[in-house]
Amino acid sequence: MSTESAAKRDTYGKIVKVDVPKYGYRWQGRVEVDVEGYGRLNLIMMGNIAQWLIPGEKVRIVMMGEPKQVGDIAFLDYTDYELYRYYGKSMIKVWPVFQKLVEHPRYDPLTGKVLYRYKILAREALTEDDYISIVELEQYHYASEEEIVAVWRCPSCGRYYESNIQPKCQQCNIMCKLVEIRGSLPSSRFLVLELVEREPYEPRIVGYVRIDTPIPLMSRRIVKEDGTVVIEKFIREKVFGKSWFHPTFWPLAYTKRKELFTKYRELASIYGKRLAKAMVGDMLREMLHRCNTAAARIARVVIHPDYRGDGLGVLAVKLAVEWVAERRVPEMKKRKHLVEVIAQMARYNPFFEKAGFIYLWDTASGRPVLYYPLTDVARKKIEEFLKNDPYARKHGGRLYRPRYSVGDPLTGPITFKSVAKVYRSTLDLSSLRKELQEVLRAFGVDRRVVERTVLRDVNLKIDPGEIVVLVGASGAGKTTFLRLVLGRVIGENDEKYLPTEGTIEVPPNARAAALIPGEHEPRFGNESLLEHMYNKIGDAHAAIEVLNICGLSDAVLYRARFDELSTGQKERAKIASLLAERPNLLLIDEFTAHLDALTAMRVARKLAEVCRRFRITLIVATNRREVIDALNPDKLIYIGYGGAKIVERQYSQSSS
């Protein structure tokens, strides 16, 4: 055989047997195939994929080399082959798993310049470590003191454990294997986002999307003008046809349902409901083989909290849609026409709509249903429904309606006219111990009046909607500058908020929110973040919208207290609290001082984006170059030795 033919050979075979371990989250599997010219070959793959293959079906195999041999068993390992299954006239790629390398840039909204990039590998979860990472991320969706998101089993003694982290068996002292992730089904498939280039402190997996088959039944809730509620059954079948959604993953035959539920009740009486669910998983194989729909459902999207606000949720959804279209997941049979999502949070966060999903109706329980059309046929059916249905015409396919607003921007500039600020203090040693007085006098320190000019004859103007950064050494006067602006807006009479000479003019409609550590900053108590925001803004939708804007877009974070947040989340929470005051002027001192460089850039970029969107005038003090680049200010004001100099920034409008 030539080197070229040995490197890659196209052949065909028939599946003889599918072997998926009874326990473990299906990252191991084996498919035995009767291959033309080779006899029996074992294909090593994920059990989560192997379980969908059916003995007797014909497959195509592209071998990358000759099979390996262990005793009388011939096999192809993970990287040794490609596998395709036939469905009608179609050939669907089954193995290797779907993967796509993408660069996700974050652009400055003013110039289009790339501030930083993520290099991400989107792929189907492949290893035990991948699924354990999913469990860790799942906690951000459900975590509380009472909620456990995973079931584990000791591979030696078979004892079950419920835990949010991989436990050791108390009896055998070995690590347990993952059996079930809360809420997932045997039909579930997982797409993970892996950071290809990352710092040592960053997580490997920063998000995932779970794909399931469509739910078995769906009714539509219609609220009429007089307030009466009507439930319309089988709405999907009426709009798209029954064959697009059936047979889905559900035990349709009564005898099978009865057998399954009887076994489940027996196990539940011994082990409890959660463990029983995991233990009946092997009874569902037949249902998987019967399942065959033209639609897929996004059941879960989870992004690590530190990476929200950077558009990774939208990216994850778009990649999942591409995966469904290319591989026809989860079943890998019929061509997919639709991707379905049922999500109450879509009312408060538009990332599904940003990814191209279209709102059609609410379920009988009141949850919004959105669809992504993968084909022209599906798109036309959606357009016809939105055009002809009297209730759909009213919303036009749009669900999310923004509620947060700031009102009018500043009606004029902030102007400094010959402003000076002198601090005076009296140095008096009389209150110190005698020996300490002697030490200080040895250095020439005695009773005296100390005067220091922080600002001298400052003349400048900050226009409405500008982003301005104050730069200068510690003690140069950056905080003083912010105090003077704040004092003028709120009418503060404390001496340190008043200029010694000159005047500061602010427009009459100025509404300032300030973060000056130790002086003016949001006060958080024991209330949840959502309660804190609602108490300020008075609108639940707007409260959630502001949290989402600041990258705190998760129900777990909505109900968290301030002291339960990470440092980066606290910084975002403070900014969200300031925005809840609906200011048109925002003043922030020591901006991102306690954050690592990457987190600081994320927070800075998001704040600049928000301020430009709502035309909020922003003045911040920072010396960090990466933060200044992320803010991309309209003006830099250099402060030092009593002076203040404005540098107008000139921008190129081209992307890089």
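Numbers for residues simply follow the sequence, beginning at 1. Everything numeric here is computed off the predicted structure, so don't read it as measured data.
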A.B. asks: Using a 6.0 Å cut-off, check whether atom CD of Glu527 has over 12 heavy atoms from anything other than its own residue.
C.D. replies: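 It does: Glu527 CD has more than 12 such atoms within range.
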A.B. asks: So, taking the atom named CG in Leu195 and the one named NZ in Lys119, what distance separates them when rounded to the nearest 0.5 Å?
C.D. replies: 12.0 Å
A.B. asks: Would you indicate whether the side-chain heavy atoms of Tyr391 and Arg220 approach each other to under 4.5 Å?
C.D. replies: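 Side-chain contact under 4.5 Å: yes.
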A.B. asks: Could you give all pairs that pass the ring-ring contact (aromatic ring centres under 6.0 Å, His included) test and reach residues 496-523, with sequence neighbours left out?
C.D. replies: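 Every pair satisfying ring-ring contact (aromatic ring centres under 6.0 Å, His included) with a residue in residues 496-523: Tyr497-His520.
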A.B. asks: At their closest point, which heavy atom of Leu587 faces which heavy atom of Leu486, and how far apart are they?
C.D. replies: CD1-CB, 3.7 Å
A.B. asks: Please report the interatomic distance CE(Met533) to CG(Leu530), rounded to the nearest 0.5 Å.
C.D. replies: 8.5 Å
A.B. asks: Under 3.5 Å, side chain of Arg582 to main-chain N/O of Ser405, donor-acceptor pair present?
C.D. replies: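 Here the side-chain-to-backbone pair exists.
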A.B. asks: Output, in order, the C-alpha distance, side-chain angles, deciding distance and verdict of side-chain hydrogen bond (donor to acceptor under 3.5 Å, both in side chains) for Tyr400 and Glu545.
C.D. replies: CA-CA 10 Å; Tyr400 177 77; Glu545 187 176 342; 3.2 Å; yes
A.B. asks: Is a side-chain N or O of Asp634 found less than 3.5 angstrom from the main chain of Val468, in a donor-acceptor match?
C.D. replies: no
A.B. asks: Would you list the pairs meeting ring-ring contact (aromatic ring centres under 6.0 Å, His included) in which at least one residue belongs to residues 460-492, sequence neighbours left out?
C.D. replies: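 Output for this query lists Phe416-Phe481.
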A.B. asks: Can you name the nearest heavy-atom pair linking Ile205 to Leu137, along with the distance?
C.D. replies: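 That would be CG2-CD1, 3.8 Å.
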A.B. asks: Do the two ring centres, one from His395 and one from Tyr359, sit under 6.0 Å apart?
C.D. replies: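 Distance test on ring centres: under 6.0 Å, yes.
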A.B. asks: Would Lys421 and Tyr423 count as a cation-pi pair here, with the cationic atom under 6.0 angstrom from the ring centre and within 45° of the axis?
C.D. replies: yes
A.B. asks: Between Glu609 and Lys606, is the closest basic N to carboxylate O distance under 4.0 Å?
C.D. replies: yes
A.B. asks: Tell me whether the centres of the aromatic rings in Trp361 and Tyr371 are closer together than 6.0 Å.
C.D. replies: yes
A.B. asks: For a 4.5 angstrom cut-off between non-hydrogen side-chain atoms, does Ile467 reach Leu607?
C.D. replies: no
A.B. asks: If you measure from CD1 on Ile544 to CZ on Arg347, what distance do you get to the nearest 0.5 Å?
C.D. replies: 11.5 Å
A.B. asks: Whether the side chain of Glu521 engages the backbone of Gly518 through a donor-acceptor N/O pair (distance < 3.5 Å, no angle test) should be reported.
C.D. replies: yes
A.B. asks: Do the side chains of Asp463 and Lys635 get nearer than 4.5 Å, heavy atoms only?
C.D. replies: yes
A.B. asks: Strictly distance-based, threshold 3.5 Å: is any side-chain N or O of Glu581 a donor or acceptor partner for the main-chain N or O of Ala513?
C.D. replies: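 Such a contact is absent between Glu581 side chain and Ala513 backbone.
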A.B. asks: Check whether any side-chain N or O of Glu531 sits under 3.5 Å from a backbone N or O of Ser528 as a donor-acceptor pair, and report yes or no.
C.D. replies: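 A pair under 3.5 Å: yes.
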A.B. asks: Decide if atom NZ of Lys496 counts as having more than 12 heavy atoms of other residues, nucleotides or ligands within a radius under 6.0 Å.
C.D. replies: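 Yes, because the 6.0 Å sphere around NZ of Lys496 holds more than 12 heavy atoms from other groups.
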A.B. asks: Can any side-chain N or O of Lys478 pair as donor or acceptor with the backbone N or O of Ala473 at less than 3.5 Å?
C.D. replies: yes
A.B. asks: Rounded to the nearest 0.5 Å, how far apart are CG of Leu455 and CD1 of Ile639?
C.D. replies: 6.0 Å
A.B. asks: How long is the gap from CG on Leu101 to CD on Glu194, to the nearest 0.5 Å?
C.D. replies: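 Interatomic distance, Leu101 CG to Glu194 CD, rounded to 0.5 Å: 10.0 Å.
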A.B. asks: Given the ring of Tyr307, does Arg602 sit roughly above its face, with NZ or CZ under 6.0 Å from the centre of the six-membered ring and within 45° of the axis?
C.D. replies: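 Cation-pi check for Arg602 and Tyr307: passes.
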A.B. asks: Might you point out which heavy atoms bring Met601 and Ala630 nearest each other, and give the distance in Å?
C.D. replies: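 It is O-CB, 3.7 Å.
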A.B. asks: Heavy-atom count check: over 12 atoms from other residues, nucleotides or ligands less than 6.0 Å from Lys570 NZ?
C.D. replies: yes
A.B. asks: I'd like to know if the side chain of Arg393 reaches the main chain of Asn388, judged simply by a donor and an acceptor atom lying under 3.5 Å from each other, with no hydrogens or angles considered.
C.D. replies: yes
A.B. asks: Hey, what's the ring geometry for Tyr118 with His104, parallel, tilted or perpendicular (30° and 60° as the breaks)?
C.D. replies: parallel
